[in-house]
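Atom set for the values below is all heavy atoms of this structure, side chains included, hydrogens, waters and symmetry mates excluded. A note on names: the letters A, B, ... follow the listed sequences, proteins ahead of strands, and every chain is numbered from 1.
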Amino acid sequence: MTAPIRPTVVTARDGRTAVINIGGLDAEQSALARRSDFPLLAANPRLHYLDSAATTQKPAAVLEAIQRYYETSNANPHRGAYALSAAATEAYHDSRTRIARFLGVADADTVIFARGTTEALNLVTSSWGRTNVKAGDRIVVTRLEHHANFVPWQVLAHEAGAEFVIAELNADGTLDMNGLASLINAKTKVVAFGHVSNALGSINAVAEIVALARKVGALTVCDGAQGAPHINVSVDSLGVDAYAFSGHKMLGPMGIGGLVMRRELLEAMPPYQMGGDMISHVGDQHTTWNVLPHKFEAGTPNVEGPVGLAAACEYLTSLGMDRVIEHERLLAARAMEKLSAIPGVAVLGPAIDKRGGVVSFTLDNVHPHDLSQMLDADGVCVRAGHHCAQPLMRALDVHATTRASFYVYNDAADVDALVESVDAARKRFAGA
Amino acid sequence: MSAELDELYQSIILDHNRRPKNFREMEDATTKADGMNPLCGDQLTVWLKLDGEQITDVSFRGQGCAISKASASMMTQILKGKSRAETDKMFDDVHALVTGHPTGADVGPLKALGGVSRFPLRVKCASLAWHAMKSALNAVDGAATPVSTEGEGPGGEGA
């Protein structure tokens, strides 16, 4: 339908230049993962699922692992002395070990399970934040943040009487590193930032941010919801103090995710929630806490979640995590080029070498809500709205955008369906 | 293009979206109210001018999708000259129409909003201006409280 896209030259942060060979990407370009591995996609061959930044589809391996757990090992872990409870405990523990391995975390007990990134970040603000942030301190976040890594810090700052400051962006939607550096001062207690922007796809230079924060001894908290699913992450090597992630954005089930945090910090922090499992001894007047990770996991844990997520991690490993971002960039580059050729379309965010597989755009005179409805009729699932990033939308001076996000099961045909559908919607709304 | 979508985006809807009627602020309004739809961040303001029990002028401004804009635009046309009682009935008839339980009452060009009932997520869009209008009307004797479409139908905004 369209001429082949020219190769995209990518300049890495260290100055090395690499070429992503995009010239051969035609309509036959296959996905990285087999579509048949995903029951929902297999059952809907004409579905173009381009909303993986919101949540991903699940491979059969994940669904089967959860089913198998319930059929063979279900009991309340850490409680019963019987073999079945031991099996559930083992499934829970083993899943944590496998997830830690995937995330590049050597000390698996510093992976604290939570419902997802939102709860993980609230754990940090509630426990570490309330203990350590005082009046007159400064909390630094960025303009790119999802509300989950913005609002908890904003509220904490107000409660503590601390200053809440926002690091602004360059014109291309990347973080202004000089601006950030100028905001980090001796009073700065926290620098909270996303690994990858969910709204624009901008990838942050984690090592540089960590270096700036370290100079003043500030805690670094990284929202990895859009990082861990796409980038071959080694949390230990990133150097951040805390890293939050969501399982459902990386082929795992909803309701499971977690927080990776430095052991000495976790040990010094008060518990986040109180109840069963998180205690060591409960006296009439005083209680002592269980060891990590249990201290932060009150109540009967979600076992099926980690079981499913561990299977998801292994599925991703089998695809090759190094290939995931490369694959997404091929698709994102194709989408950016073809969408930009449509009259009235403005693609937001940075060049392809500074972003992941997220393409946010606007179409003149067509509201994103209408556009996504039109696309839906063609089987194209995209996100319309503010992407839980209203501070970012204000800076971009848009009320909402339409966002396509790519993952391992997407292929060039998905991109082309998107592009054709957007162009059809444009014509229809123009009255043509 | 599906038949349902054709019914949703009828040409009258697209026309009102392109060229909304009474899309202006009203300096001498009797009352006004803001409405917002947290699902998509849409926001509009409705102004009403009243002469006793009668609406003599209606206008709106704001940001919204084609459905919310067209619904607001048609609303401003149909309510001009209506009494409060007629307006209340029109509100109920339109609400019934977009939620898929039409009363059979004549709602004029607003019947074009009937296609919305096939898309539950869009009911909020079609009702936004109407809720704001009602809030403005109810607040003639006091300050209008901004209305939110949250609580009506499914929706919400996640990651």
Can you find a pair of side-chain heavy atoms, one from [X] and one from [Y], that are under 4.5 Å apart?
{"X": "A:His367", "Y": "B:Asp42", "result": "yes"}
{"X": "A:Gln373", "Y": "B:Leu121", "result": "no"}
{"X": "B:Arg18", "Y": "A:Asn365", "result": "no"}

A:Asp370, part contacting chain B, at a heavy-atom distance under 4.5 Å: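 It is both, since atoms from each part get that close.
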For A:Gln390, is it the side chain, the backbone, both, or neither that has a heavy atom closer than 4.5 Å to a heavy atom of chain B?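 When you check distances to chain B, no heavy atom of A:Gln390 falls under 4.5 Å.
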Could you go through B:Asn37 and A:His369, starting from their C-alpha distance and side-chain angles, then the distance that decides it, and tell me whether this counts as side chain to side chain donor-acceptor pair (under 3.5 Å)? CA-CA 12 Å; B:Asn37 181 350; A:His369 208 166; 5.2 Å; no
Sequence neighbours left out, what passes ring-ring contact (aromatic ring centres under 6.0 Å, His included) with A:Tyr407? Give chain and number order. A:His230, A:Tyr409
Side chain, backbone, both or neither: which part of [X] has an atom under 4.5 Å from a heavy atom of chain A?
{"X": "B:Phe119", "answer": "side chain"}
{"X": "B:Asn17", "answer": "side chain"}
{"X": "B:Leu8", "answer": "side chain"}

Pairwise salt bridge (Lys or Arg N to Asp or Glu O under 4.0 Å) hits with a residue in residues 67-76 of chain B, at least two apart: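 Not a single pair qualifies under salt bridge (Lys or Arg N to Asp or Glu O under 4.0 Å).
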Answer yes or no: does atom NZ of B:Lys111 have more than 12 heavy-atom neighbours from other residues, nucleotides or ligands under 6.0 Å? no
Shortest non-hydrogen separation from B:Leu14 to A:Arg428 and the atoms involved: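 Closest heavy-atom pair between B:Leu14 and A:Arg428: CD1-O, 3.7 Å.
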